[in-house]
Structure formats: C-alpha cells, structure tokens
Engineer: 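Could you have a look at this structure, given as structure tokens, before my questions?
Small disclaimer: the values here were computed from a predicted structure and weren't measured.
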Amino acid sequence: QVQLVESGGGLVQPGESLRLSCAASGPHFNFYRVGWYRQVPGKQREMVAVIISNGITNYAESVKGRFSISRDIVKKTVYLQMNSLKPEDTAVYYCSTRISATSNDYWGQGTQVTVSS
C-alpha cells in the first residue's frame, strides 16, 4: 500500500507563492509516477503537474512557467512550487501516485489553496 499526505496549502494574495508538499510512505511506494491534481466544486479534477521515474515532467498549460514539480527521493517527498498565483488557481490540490503502468492510483486527502485579495 501507499499513503500520501499533502501539506502547505493556505490563503494567499494574487501574485504570491506557495509550496505544497506530498509525503509518501508504504512498502510499495516508488517514483514511477507522481502528480499534482486540483479540483474546484462542480468541475472535474484536472492534472496540474506530473513527474515520472526518469525525471521528465509535464504541466498543464495554465500553470506552465509558474509552477514547478520536484522530488526528494531520500525524503520520499514531492513538491509543487507555485509562483505568481492567480485567483483561478484556487482549488483543492491532491497528490497522486501510481506504482506501475497497470496499478491503481493512490490519492492523498487534499490541501486547500485559496488565492484571493
């Protein structure tokens, strides 16, 4: 099994920054693929950023140039650095991982990010 715990959310003003953390644990966790997703009420959950085992990253168009995903393999933690935040970035942010191409997706409990003046 895999457990994911997100932290770092909060209330910030437009233009400010936040860094989210996703701490992973469990005997089966690896870095096959880990991503950040977000969801607002009434909308589908969307991919924000993903990092795969060889370090390749992928970002949603709406966050390119502002967000950056990274990982600390020793700490088993994945980060999402969010800069130049906009009100439309307001959402619950979830960390998710998959341990192989055919495995289930594991999800954290989510952390709220609110961008408002």
Side-chain angles (χ1 to χ4, degrees):
Q1 294 294 329
V2 176
Q3 294 80 42
L4 302 172
V5 178
E6 303 99 332
S7 61
L11 171 64
V12 295
Q13 294 188 346
E16 292 185 339
S17 299
L18 275 177
R19 189 176 79 157
L20 305 182
S21 299
C22 172
S25 61
H28 300 294
F29 177 75
N30 55 36
F31 281 94
Y32 176 77
R33 190 182 81 181
V34 186
W36 286 96
Y37 298 75
R38 65 188 181 187
Q39 189 170 24
V40 297
K43 291 190 175 182
Q44 282 192 326
R45 193 170 295 186
E46 64 173 356
M47 185 275 290
V48 176
V50 173
I51 184 166
I52 60 176
S53 57
N54 60 6
I56 291 177
T57 58
N58 188 34
Y59 296 91
E61 285 295 326
S62 60
V63 307
K64 279 184 179 178
R66 299 188 298 123
F67 290 14
S68 177
I69 188 170
S70 63
R71 64 190 181 185
D72 186 324
I73 293 176
V74 173
K75 294 182 178 179
K76 291 187 177 180
T77 301
V78 177
Y79 304 97
L80 184 68
Q81 178 66 43
M82 305 185 294
N83 299 325
S84 303
L85 282 160
K86 304 175 180 180
E88 51 264 43
D89 295 318
T90 295
V92 177
Y93 284 70
Y94 297 91
C95 180
S96 179
T97 191
R98 182 176 289 188
I99 61 174
S100 72
T102 57
S103 78
N104 294 328
D105 292 318
Y106 296 90
W107 294 89
Q109 82 288 351
T111 185
Q112 176 71 46
V113 172
T114 303
V115 185
S116 175
S117 55

Engineer: Determine which pairs satisfy side-chain hydrogen bond (donor to acceptor under 3.5 Å, both in side chains) with at least one residue from residues 26-42, sequence neighbours left out, and list them in order.
Structural biologist: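 As it turns out, the side-chain hydrogen bond (donor to acceptor under 3.5 Å, both in side chains) pairs with a partner in residues 26-42, which skip direct neighbours, are Arg38-Glu46, Arg38-Ser62, Arg38-Asp89, Arg38-Tyr93, Gln39-Arg45.
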Engineer: Quick one: closest heavy-atom pair of Val40 and Ala91, and the distance?
Structural biologist: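 Shortest heavy-atom contact: CG1-CB, 3.6 Å.
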Engineer: Would a single hydrophobic cluster contain both Val34 and Ile73, if residues Ile, Leu, Val, Met, Phe, Trp and Tyr are joined by side-chain heavy-atom contacts under 4.5 Å?
Structural biologist: yes
Engineer: Considering non-hydrogen atoms only, spot the tightest contact between Tyr94 and Gly108 and give its length.
Structural biologist: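 The answer is CD2-O, 3.7 Å.
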Engineer: Using the rule given for side chain to side chain contact (heavy atoms under 4.5 Å, CB included), can you reason through Cys95 versus Tyr106, listing the C-alpha separation, both sets of side-chain angles and the distance that settles it, and then say yes or no?
Structural biologist: CA-CA 8 Å; Cys95 180; Tyr106 296 90; over 6 Å; no
Engineer: Nearest 0.5 angstrom please: Leu18 CG to Thr111 OG1, how far?
Structural biologist: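 Going from the CG atom of Leu18 to the OG1 atom of Thr111 covers 8.5 Å.
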Engineer: Out of curiosity, Lys76 NZ to Cys22 SG, how far, rounded to the nearest 0.5 Å?
Structural biologist: 12.5 Å
Engineer: From Asn58 CG over to Ile51 CD1, what is the distance, rounded to the nearest 0.5 angstrom?
Structural biologist: 11.0 Å
Engineer: Do Gln13 and Leu85 have side chains that approach each other closer than 4.5 Å (heavy atoms only, starting at C-beta)?
Structural biologist: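 SC-SC contact between Gln13 and Leu85 ruled out.
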Engineer: What closest approach, in Å, do Ser96 and Leu4 show between heavy atoms, and which atom pair accounts for it?
Structural biologist: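 What the structure gives for the nearest pair is CA-CD1, 3.8 Å.
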Engineer: At what distance, to the nearest 0.5 angstrom, does OG1 of Thr77 lie from OH of Tyr79?
Structural biologist: 4.5 Å
Engineer: Heavy-atom distance under 4.5 Å between the side chains of Ile69 and Val78, does that happen here?
Structural biologist: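 Answer yes - side chains close enough.
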Engineer: Heavy atoms only: give me the nearest Ser117-Pro14 pair and the separation to one decimal.
Structural biologist: N-CD, 3.7 Å
Engineer: For a 4.5 angstrom cut-off between non-hydrogen side-chain atoms, does Val113 reach Met82?
Structural biologist: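 With C-beta onward as the side chain, the pair touches.
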Engineer: Hey, could you give me the OG1/CG distance between Thr97 and Asn104, rounded to the nearest 0.5 Å?
Structural biologist: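 The OG1 atom of Thr97 sits 12.0 Å away from the CG atom of Asn104.
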